[in-house]
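Reviewing the structure listed below.
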Amino acid sequence: MAARIEDYALVGDCRTAALISRDGSVDWLCWPRFDASACFAALLGTPEHGFWRLAPVAKHVKTSRCYRDGTLVLETRHATREGEVLVTDYMPAGDGSHLIRLVEGVHGRVAMRMDLAIRFDYGSAVPWVSHNEWGDLRAISGPHKLVLRTQAHLHGVDQTTVSEFTVRAGESVAFTLSYAASHEEDPAPVEPRKVLAATDSFWRDWSRHCACGTPWDDILRRSLLTLKALIYAPTGGIVAAPTTSLPEQLGGVRNWDYRFCWLRDSTFTLLALMDAGFVEEARAWRNWLLRAVAGNPEQAHILYGIAGERLLPEIELDWLPGYEGSRPVRVGNAAVAQFQLDVYGELFDALYQARRRGLSDDRDGWRVGLALMGHLEKVWHEPDEGIWEVRGGRKHFTHSKVMAWVAFDRAIRAHEEARHLAPDAPLDRWRGIRDRIHREVCEKGFDAELGSFVQYYGSKRLDASLLLIAHMGFLPQDDPRVVGTVAAIGKHLMRDGFVLRYDTEGQKTDGLPGGEGAFIPCSFWYADNLIGLGRREEARELIERLIGVCNDLGLVAEEYDQEEKRLVGNFPQAFSHVALVNTILNYSRAEGPARERGGAAGTGEGKHHGHHRAGAVPPVPVAAEAPAGA
């Protein structure tokens, strides 16, 4: 059985990533890139589906682990009654083809065992194993090949490769597993210690540019390192997570493949990177966006493959029992075919924010934008599947309409500031549509009885996505309708100090059985609103609570199960780490990402509708309405 989700560490090379359990088992790895088929899939099944364990033989072992400061190099210490060893796991950034495990004796002597079960194609294919002319182990199946190099003695046991050896103080044993296509020559050997030094320097050189001066600098830097690890370096695309089908509810069916790039994450991610000091990564992400959406605007998708692929068919792998029995296991994502209005707002806001921060424009980018706006003019009034990608039918989701407003608002502002790049842009028509959407949302998306905006037109349901209204500049943070929405969400969607996306019990909106953990970014959005309302002590308490659910290495999943006190969902989740970064910067800076994003846009909308600029007046006192522990 796989370990608890929070017991895994991440090592990666900016092309793919491996999950390694506390007891030294690599239970998930897709080669040669994040969305390739897994050669170790025990995370979603059993050891029969592939793993690579390296650990002491002794039954009583005291284990501790950490990353080397400022790096993605994992160090695990195992202490037994006879001695102690240090296991260092790392993947050298560059060619994306090696996972190295170095065992070093610290004191005494420790008997070790290595078990390697390679199972290509998500655990379904047992490879043919042989040795090359230098004695290296070679495993081949179809298009895939892995080569294991080590000085330790290897032998086979029941279609598994085993090594038993003892390490004494001052001694070391290295294992290097390398990937190549089966028709290619075996990967060239590497020198483990030399590569370790280079890997260490790569990550340290990158992370030393991280923003600092916050109350939580360590977790801020770790989150940014995690985001860097989830960037596919050749294209700049950022995967939502390196895993598929880790359940949002243990034993449930909400199991999705997140090894793709969502347009929805665009602005949040761009701001997190740029405001933390990483302009080149933000530029690569912006360029990926423009390439991905290029083409017929009617064929724009909500998510793409890491190189911009559009065909991502969803299939079920029925031979895998799923994480703790959570079935089905899915690869691909059917949400790629959904219609979601909010991604247009995210896209145009990302491009606008990038331009405001100095990333240069080009005429092709403006032409793509004009084509997309022309399409949005035709479809903004239609119902959609919304931010949560529901499978229960389209509705007029309030958040979706707000984001359609954002698309027109940012397009107008961008063209006002650089009219020479697109002199024929129909700004007056766009202004009319922008104002029409604003009026419609305020009339149909707000419920006076609840004193809150609602999930979709005419409903009484709340939705955590409504916490983003002020941060989009749609209304100021201190507008009574925003304040009322924050209070209602805190009262009705808060569970044990965490905010739910929406109430999944007794509803048919998403077309799925009820039950899931708390979607972690929603709680960060709530904290952002507390900050904007001047309730900083409550915000800090919530931020501390959210940081507290990160594992011992500073990694966090998509959701948190408050009843089981466990992380659930795909892991580590880029969106959760992005939200953490932005909220820390919102708390620590007078002009954090939320105020930059909402304030700059909100100024213009305030002129149109008579609202104050976000944050320009003292916050409305609503502390008495706050839920306990919020």
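Bear in mind the structure is a predicted one, so any value in this text is a computation, not a measurement.
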Exercise for the section: For residues Thr199 and Val73, determine if any side-chain heavy atom of one lies less than 4.5 Å from a side-chain heavy atom of the other. Expected result: yes
Practice task
Could you tell me whether Lys62 atom NZ has more than 12 heavy atoms of other residues or ligands within 6.0 Å of it?
Solution key: no
Practice task
Could you check whether the rings of Trp206 and Trp203 sit parallel, tilted or perpendicular, using 30° and 60° as the cut-offs?
Solution key: perpendicular
Problem - Stepwise side-chain hydrogen bond (donor to acceptor under 3.5 Å, both in side chains) test for Ser21 and Asp7 - result: CA-CA 6 Å; Ser21 69; Asp7 285 339; over 6 Å; no
Practice task
Report yes or no: is the cationic atom of Arg501 (NZ for Lys, CZ for Arg) closer than 6.0 Å to the six-membered ring centre of Phe519, at no more than 45° off its axis?
Solution key: yes
Handout entry: Exam field: side chain Arg495 to backbone Leu500, donor-acceptor pair closer than 3.5 Å
Key = no
Handout entry: Ser326 versus Asn255, side-chain donor and acceptor atoms under 3.5 Å
Key = no
Handout entry: Within-4.5 Å side-chain heavy-atom neighbours: Trp52 and Phe175
Key = yes
Practice task
Report the C-alpha separation of Asp115 and Arg53 in whole Å, then their side-chain angles, then the decisive distance to 0.1 Å, and conclude whether the salt bridge (charged side-chain N to carboxylate O under 4.0 Å, His left out) test is met.
Solution key: CA-CA 5 Å; Asp115 295 88; Arg53 188 169 186 266; 5.3 Å; no
Exercise for the section: With side chain to side chain contact (heavy atoms under 4.5 Å, CB included) as the test, would you mind laying out the steps for Arg33 and Ile306 before giving the verdict? Expected result: CA-CA 9 Å; Arg33 47 185 246 178; Ile306 54 180; 3.5 Å; yes
Exercise for the section: Measure the shortest side-chain to side-chain distance between Leu148 and Leu116 over non-hydrogen atoms and say whether it is less than 4.5 angstrom. Expected result: yes
Exercise for the section: Report the relative orientation of the aromatic rings in Phe120 and His144; use parallel for angles under 30°, tilted for 30 to 60°, perpendicular for over 60°. Expected result: parallel
Exercise for the section: Compare all side-chain heavy atoms of Pro242 with those of Pro572 and state whether any distance is below 4.5 angstrom. Expected result: yes
Problem - Criterion side chain to side chain donor-acceptor pair (under 3.5 Å) against Glu596, the qualifying member of Arg589, Gln353, Arg357 - result: Arg357
Completion exercise
Separation between CG (Leu74) and CE (Met91), nearest 0.5 Å, reads 12.5 Å
Exercise for the section: Search all heavy atoms of Pro187 against all heavy atoms of Ala180 and return the closest pair with its distance. Expected result: CG-CB, 3.7 Å
Fill in the blank from the handout: In short, Leu289 meets Ala350 closest at the heavy-atom pair CD1-CB, 4.1 Å
Exercise for the section: Is it possible for you to check whether Arg536 lies under 6.0 Å from the centre of the six-membered ring of Tyr587, through NZ or CZ, and within 45° of that ring's axis? Expected result: yes
Practice task
Check whether the side chains of Gln249 and Asp561 place a donor and an acceptor atom closer than 3.5 Å, and report yes or no.
Solution key: no
Handout entry: Residues Arg193, Glu104: salt bridge by 4.0 Å N-O rule
Key = yes
Problem - His78 and Thr63 side chains, donor-acceptor separation under 3.5 Å - result: yes
Fill in the blank from the handout: On a heavy-atom basis, the closest approach of Ile100 and Pro192 is CG2-CB, 4.1 Å
Exercise for the section: Determine, stepwise, if the pair Arg77 / Glu84 fulfils salt bridge (charged side-chain N to carboxylate O under 4.0 Å, His left out). Expected result: CA-CA 7 Å; Arg77 293 182 180 271; Glu84 180 180 338; 3.2 Å; yes
Practice task
Quick one: closest heavy-atom pair of Trp262 and Asp257, and the distance?
Solution key: CH2-O, 3.6 Å
Problem - Donor-acceptor under 3.5 Å (His399 side chain, Ile387 main chain) - result: no
Practice task
Write down the atom of Asn529, the atom of Leu467, and the distance for their closest heavy-atom approach.
Solution key: ND2-O, 2.9 Å
Practice task
Before accepting this row, confirm whether a basic side-chain N of the pair Arg566/Glu324 lies closer than 4.0 Å to the acidic partner's carboxylate O.
Solution key: yes
Exercise for the section: State whether Arg221 and Asp69 are salt-bridged, where the test is any N-O pair (Lys NZ or Arg NE/NH1/NH2 against Asp/Glu carboxylate O) under 4.0 Å. Expected result: yes
Exercise for the section: Report the C-alpha distance between Glu563 and Leu250 in whole Å, list the side-chain angles of each, state the deciding distance to 0.1 Å, and finish with yes or no for side chain to side chain contact (heavy atoms under 4.5 Å, CB included). Expected result: CA-CA 11 Å; Glu563 295 183 2; Leu250 297 174; over 6 Å; no
Practice task
Taking the side chain as every heavy atom from C-beta outward, state whether Trp28 and Thr244 have any pair of such atoms under 4.5 Å apart.
Solution key: yes
Completion exercise
d(Asp528 CG, Arg597 CZ) to nearest 0.5 Å is 11.0 Å
Practice task
Measure from the side-chain N and O atoms of Asp205 to the backbone N and O of Phe202, and report whether any donor-acceptor pair falls under 3.5 Å.
Solution key: no
Problem - Glu309 and Arg259 ion-paired at < 4.0 Å - result: no
Practice task
Keeping the roles fixed (side chain from Asp13, backbone from Ala93), state whether a donor-acceptor pair exists under 3.5 Å.
Solution key: no
Problem - Donor-acceptor contact present, side-chain Ser245 to main-chain Val329, <3.5 Å - result: no
Practice task
Tell me, with the steps shown, if Asp23 and Ser25 meet side-chain hydrogen bond (donor to acceptor under 3.5 Å, both in side chains).
Solution key: CA-CA 6 Å; Asp23 68 354; Ser25 183; 5.1 Å; no
Practice task
May I ask you to test the Leu54-Val87 pair for a side-chain heavy-atom distance under 4.5 Å?
Solution key: yes
Exercise for the section: Find out whether Leu177 and Trp31 are in side-chain contact, i.e. whether some heavy atom of one side chain is under 4.5 Å from a heavy atom of the other. Expected result: yes
Practice task
Would you give the length of the straight line joining atom CG of Asp265 to atom CG of Leu263, rounded to the nearest 0.5 angstrom?
Solution key: 9.0 Å
Practice task
Before accepting this row, confirm whether a basic side-chain N of the pair Arg22/Asp552 lies closer than 4.0 Å to the acidic partner's carboxylate O.
Solution key: yes
Exercise for the section: Decide, yes or no, whether a salt bridge links Glu537 with Arg540 under the criterion of side-chain N to carboxylate O below 4.0 Å. Expected result: no
Exercise for the section: Scan side-chain atoms only and decide if Glu314 and Trp256 contain a donor-acceptor pair under the 3.5 Å cut-off. Expected result: no
Exercise for the section: Salt-bridge test for Asp200 and Arg204: reply yes if a basic N is under 4.0 Å from a carboxylate O, no otherwise. Expected result: yes
Problem - Pairing of Glu346 and Arg264 as salt bridge, 4.0 angstrom limit - result: no
Exercise for the section: Might you work through the side chain to side chain contact (heavy atoms under 4.5 Å, CB included) test for Leu99 and Leu29, ending with a clear yes or no? Expected result: CA-CA 10 Å; Leu99 172 56; Leu29 174 58; 4.2 Å; yes
Practice task
Please lay out, stage by stage, how Glu75 and Arg68 fare under the test salt bridge (charged side-chain N to carboxylate O under 4.0 Å, His left out).
Solution key: CA-CA 7 Å; Glu75 295 186 334; Arg68 288 191 179 184; 2.7 Å; yes
Completion exercise
Separation between CD (Glu184) and OG (Ser97), nearest 0.5 Å, reads 10.0 Å
Handout entry: Lys194 bridged to Glu191 by N-O distance under 4.0 Å
Key = no
Practice task
Carefully, step by step, assess Asn586 and Thr583 under the rule side-chain hydrogen bond (donor to acceptor under 3.5 Å, both in side chains).
Solution key: CA-CA 5 Å; Asn586 287 332; Thr583 298; 4.7 Å; no
Handout entry: Output field: ring centroids Phe40/Phe51 closer than 6.0 Å
Key = no
Exercise for the section: Show your reasoning for whether side chain to side chain contact (heavy atoms under 4.5 Å, CB included) applies to Phe571 and Gln573. Expected result: CA-CA 5 Å; Phe571 174 86; Gln573 176 79 358; over 6 Å; no
Fill in the blank from the handout: Here the pair of heavy atoms bringing Tyr304 nearest to Gly308 is CD2-O, 3.7 Å
Handout entry: Side-chain touch Lys228/Ile238, heavy atoms, less than 4.5 angstrom
Key = no
